[in-house]
Amino acid sequence: MSSALRAAPAAGRPPRVDAFRAAPGGGRAGGRAVGALLRRDLAERRGLRLSFLLDLLFGFLNLLVFLFVSRVLMLAPTADFAGAGRYFDFVAVGIVFLLVIQAATVQVVARVAAEQRDGTLELLAAQPVPGWALAFGLVGYPFAFALLRAGIYLGLLAGFLGLHVDNADWPGVVVTLVLAALCALPFGVVLMGLAVVVGHGDPVARLLVVALSFLSGTYFPTAALPDVLHPLCAVLPTRVALDGLRHALTGGGWVGATPALAGTAAVLLPLSAWTFDRALGLARRRGVLTRG
């Protein structure tokens with residue numbers, strides 16, 4: 001953690017973070033808070049190159065397993081793979097997208113739980129910055145890391161595992177991937193608030209990831225699900241994002257998903273930040289900003 005965020009409080013005064021002191025306005029203070037937290041996280045994780053490489057290796061081996069599995073599957077001729085020519089192309093993109101969802105939910109919940117255990121969440125909550133800034137500051141690094149990792153996996157898939165990207169619309173891939181992550185982040189921010197107040201956000205986040213993976217069509221088309229689930233699948237932003245990402249990689253029509261994803265992010269992100277701010281206030285009143 002950077003020295004600015006480690007500053008010990010003076011006797012009789014509430015703890016402060018030096019990086020936030022110079023910002024007089026709420027919006028400006030919030031922006032400085034987000035930037036300070038992101039710089040702190042980048043500085044702390046700069047030396048974790050081995051962990052990053054092992055994470056990439058694990059993901060690559062996972063994709064390799066699905067490559068061999070796809071070669072022995074007997075698929076129905078009427079199966080709809082959202083423009084993908086084969087099952088591996090379909091499931092590989094689904095797994096890459098699932099990693100983004102995991103980062104936006106499980107990883108951010110684990111992150112806020114670590115802040116509680118270390119006592120830094122209470123320190124941060126005492127700063128003159130809005131709660132939304134703390135929420136977005138805490139999820140900033142997982143968000144950026146998830147996008148970077150997704151890009152690397154797509155490169156590995158195309159370069160070594162034969163993912164068909166000859167007709168890919170790469171600007172569309174980038175736009176859809178970013179919007180998909182922005183639509184997944186509100187789930188994580190709300191779960192962070194749950195973790196702060198109740199302390200059981202991690203198992204809920206993992207259950208949510210499993211549910212979204214099935215309902216969004218990560219491993220198989222949503223048409224294979226029971227009919228009663230189809231209306232829910234149709235309105236899930238993660239399902240819309242995953243279909244858009246697959247179409248962008250195959251040169252199909254991804255633009256139609258953009259307004260829905262942008263509108264969803266514009267509504268859910270502020271709402272989730274407000275929820276986290278309320279959760280932070282409740283945890284402060286209950287005295288559970290720090291947990292053992």
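Here the structure is a predicted model, which means the values were calculated and not measured. The residues of the chain are indexed from 1 along the displayed sequence.
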If you apply the rule side chain to side chain contact (heavy atoms under 4.5 Å, CB included), what do you find for L99 with Q102, and how did you get there?
CA-CA 5 Å; L99 294 174; Q102 287 177 332; 3.5 Å; yes
Residues T238, S216; criterion side-chain hydrogen bond (donor to acceptor under 3.5 Å, both in side chains); working and verdict:
CA-CA 6 Å; T238 49; S216 301; 2.6 Å; yes
Check against side-chain hydrogen bond (donor to acceptor under 3.5 Å, both in side chains), Q116 and T290
CA-CA 5 Å; Q116 279 189 292; T290 299; over 6 Å; no
Test log, rule ring-ring contact (aromatic ring centres under 6.0 Å, His included), inputs F220 and F214:
CA-CA 8 Å; F220 49 80; F214 277 86; 5.7 Å; yes
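Classification of the F66-Y219 ring pair by plane angle, with boundaries at 30° and 60°, yields parallel.
A pairwise comparison of heavy atoms in A234 and V240 identifies O-CG2, 4.1 Å as the closest pair. Across every non-hydrogen atom of A133 and V34, the tightest pair is O-CG2, 3.4 Å.
Between the T120 side chain and the E115 main chain, a donor and an acceptor come within less than 3.5 Å of each other. Checked by atom type and distance alone, the side chain of R111 never pairs as donor or acceptor with a backbone atom of V139 at under 3.5 Å.
Here the side chains of V209 and T105 are in contact, with some heavy-atom distance below 4.5 Å. For the pair F145/D41, no side-chain contact is recorded, criterion being any heavy-atom separation below 4.5 Å from C-beta on. Here the side chains of W170 and V165 are in contact, with some heavy-atom distance below 4.5 Å.
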